[in-house]
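Chain A is the first sequence line, chain B the second, and so forth, proteins listed ahead of strands; every chain is numbered from 1. It should be emphasised that the depicted structure is a prediction, and the values quoted were computed from it without experimental measurement.
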2 protein chains.
Amino acid sequence: MVQYASPALDLSFAALADATRRGIIDQLGRADASITSLADRFQMTLTGMKKHVQVLERAGLVVTQKAGRVRTCTLGQRGLAAEAAWIEAHRQLFAARFAALDDILSDMQREESDGQPE
Amino acid sequence: MVQYASPALDLSFAALADATRRGIIDQLGRADASITSLADRFQMTLTGMKKHVQVLERAGLVVTQKAGRVRTCTLGQRGLAAEAAWIEAHRQLFAARFAALDDILSDMQREESDGQPE
DNA sequence: TGCATACTGAACCATATGGTTCAGTGTTTA
DNA sequence: TAAACACTGAACCATATGGTTCAGTATGCA
């Protein structure tokens with residue numbers, strides 16, 4: 001497991017690769033929530049939910065704070081900026097590749113029609 | 001591992017959660033490549049590279065085709081549209097949550113200054 | 001024909017992941 | 001003060017991941 005690149009993106013994309021965790025982000029977008037309420041909603045043990053929240057926290061997507069006996073989870077201020085940036089940059093890569101392909105295809109078509117005037 | 005949501009996003013975010021695989025996408029953005037050339041560039045065995053390519057392929061991000069004895073890898077036409085859509089939608093969620101917090105804070109400030117006129 | 005190339009598949013390994021249970025610890029509240 | 005609540009941590013389990021090696025198979029070229 002050589003590391004030539006962003007461990008931050010590793011962590012956040014891995015965090016997003018699980019439906020439960022994407023659901024937690026959805027949920028926290030509506031309102032802050034305790035571990036217990038999230039565990040209820042996603043039908044999971046407290047321990048299981050805590051692990052998911054920790055994954056999101058390590059990725060910087062969620063922030064938690066303990067007040068008394070309840071730990072409240074909130075969306076992290078960092079947001080999804082870095083992830084959006086990577087995705088957008090590479091969306092253009094995909095698009096450019098297909099544009100290049102289109103060029104080749106239209107070149108081929110031009111050549112073809114050049115060979116057969118009208 | 002209950003599944004209430006998009007296994008497609010599970011696959012693609014998981015595929016993106018690895019620096020080598022993000023690097024492969026980078027590379028394929030510049031030019032199509034064989035398994036061998038990718039394995040060379042990322043200093044990995046053929047078998048190891050093949051596994052990465054398979055992960056990308058299962059996620060629909062890469063398409064491969066075998067001609068003779070060489071398998072050529074290309075970016076998939078599907079692109080990163082679904083992933084971009086999810087991220088953008090949730091970026092707004094994050095933003096909205098902080099806008100709400102700002103409102104609360106400015107309310108608090110207003111109340112405070114109301115109590116202490118000039 | 002025969003050797004080099006390019007991939008493929010099985011088997012293996014260490015570590016990570018997604019979950020559980022059980023046994024705590026610290027906080028509220030009746 | 002005692003019971004209920006909210007979380008925490010350790011231990012365990014099955015499966016997935018990221019890699020390897022080794023032994024093929026199929027293709028291309030001299």
Side-chain angles (χ1 to χ4, degrees), chain A residues 1-25 27-28 31-59 61-74, chain B residues 1-25 27-28 31-59 61-74:
Chain A
M1 278 176 240
V2 194
Q3 234 58 264
Y4 14 65
S6 175
L9 283 182
D10 285 19
L11 288 176
S12 51
F13 280 132
L16 295 179
D18 180 279
T20 301
R21 288 193 296 260
R22 288 194 305 276
I24 293 171
I25 290 180
Q27 193 53 36
L28 296 181
D32 293 353
S34 65
I35 305 277
T36 299
S37 69
L38 291 172
D40 280 357
R41 175 172 300 265
F42 293 93
Q43 304 201 77
M44 190 176 297
T45 57
L46 268 184
T47 313
M49 181 50 68
K50 207 201 167 222
K51 283 192 182 182
H52 278 303
V53 168
Q54 275 171 342
V55 170
L56 288 164
E57 212 172 358
R58 257 180 270 130
L61 298 173
V62 160
V63 165
T64 75
Q65 204 177 354
K66 192 155 183 181
R69 63 185 167 176
V70 15
R71 177 174 295 278
T72 301
C73 309
T74 316
Chain B
M1 279 178 238
V2 194
Q3 235 57 266
Y4 12 67
S6 175
L9 283 182
D10 285 20
L11 289 176
S12 51
F13 281 132
L16 295 179
D18 181 277
T20 300
R21 285 191 299 258
R22 288 194 305 276
I24 293 170
I25 290 180
Q27 193 53 33
L28 296 182
D32 292 353
S34 67
I35 305 277
T36 298
S37 69
L38 291 172
D40 280 357
R41 177 171 299 267
F42 293 94
Q43 304 202 78
M44 189 175 301
T45 56
L46 267 184
T47 313
M49 180 51 68
K50 208 200 166 221
K51 283 192 183 183
H52 279 303
V53 168
Q54 275 171 342
V55 171
L56 289 164
E57 211 172 359
R58 256 180 271 128
L61 298 173
V62 160
V63 166
T64 75
Q65 203 176 353
K66 192 155 181 181
R69 59 185 171 176
V70 12
R71 177 174 296 279
T72 301
C73 309
T74 316

*pair A:Phe42-A:His52: side-chain heavy atoms closer than 4.5 Å*: no
*What distance separates A:Cys73 SG from A:Leu61 CG, expressed to the nearest 0.5 Å?*
12.5 Å
*Taking CE from A:Met44 and P from C:dT21, how many angstroms apart are they, rounded to a whole number?*
12 Å
*Could you check whether A:Leu46 gets within reach of a base, just the sugar-phosphate, or nothing at all, counting any heavy atom under 4.0 Å?*
base
*Starting at CG of A:Asp40 and ending at P of D:dC5, how long is that distance when rounded to a whole Å?*
12 Å
*Which value, rounded to the nearest 0.5 Å, describes the distance between B:Arg22 atom CZ and B:Leu56 atom CG?*
11.0 Å
*Starting from P on D:dT27, measure out to CD on B:Gln65 and report it in whole angstrom.*
15 Å
_Atom pair distance, as rounded to whole Å: NZ in B:Lys66 and C1' in C:dA6_ = 7 Å
*Can you tell which of C:dG19, C:dT8, D:dA4 lies closest to the side chain of B:Arg71?*
C:dT8
_For atom CG of B:Leu38 and atom C1' of C:dT8, their distance in whole Å_ = 16 Å
*More 5' along DNA chain C: A:Gly68 or A:Val55, using each one's nearest nucleotide?*
A:Val55
*Identify whether any heavy atom of A:Thr47 sits under 4.0 Å from a base atom; if not, whether one sits that close to sugar-phosphate; answer base, sugar-phosphate or nothing.*
base
*asked:* I need the minimum non-hydrogen distance between A:Thr20 and A:Asp18, along with the two atoms involved.
replied: N-OD1, 2.9 Å
_Below 4.0 Å: OP1/OP2 of D:dT17 and any side-chain N or O of B:His52_ = no
*asked:* The side chain of A:Val70 is closest to which nucleotide in this list: C:dA11, D:dT21, D:dA6?
replied: D:dA6
*Distance, rounded to the nearest Å, where A:Phe13 contributes CZ and D:dT17 contributes P*: 17 Å
*Please give, in whole Å, the distance from D:dC5 P to A:Lys50 NZ?*
21 Å
*When all nucleic acid strands are considered with a 4.0 Å heavy-atom cut-off, which category describes A:Gly48: base, sugar-phosphate, or nothing?*
base
*asked:* Quick one: does any side-chain atom of A:Arg21 pair with a main-chain N or O of A:Leu16 as donor and acceptor, under 3.5 Å?
replied: no
_Atom-pair distance (CD1 on B:Ile35; C1' on C:dG9), nearest Å_ = 14 Å
*Can you tell which of C:dT5, C:dT27, C:dT8 lies closest to the side chain of B:Arg69?*
C:dT5
*Toward the 5' end of DNA chain C, which comes first, B:Ser34 or A:Thr45, by nearest nucleotide?*
B:Ser34
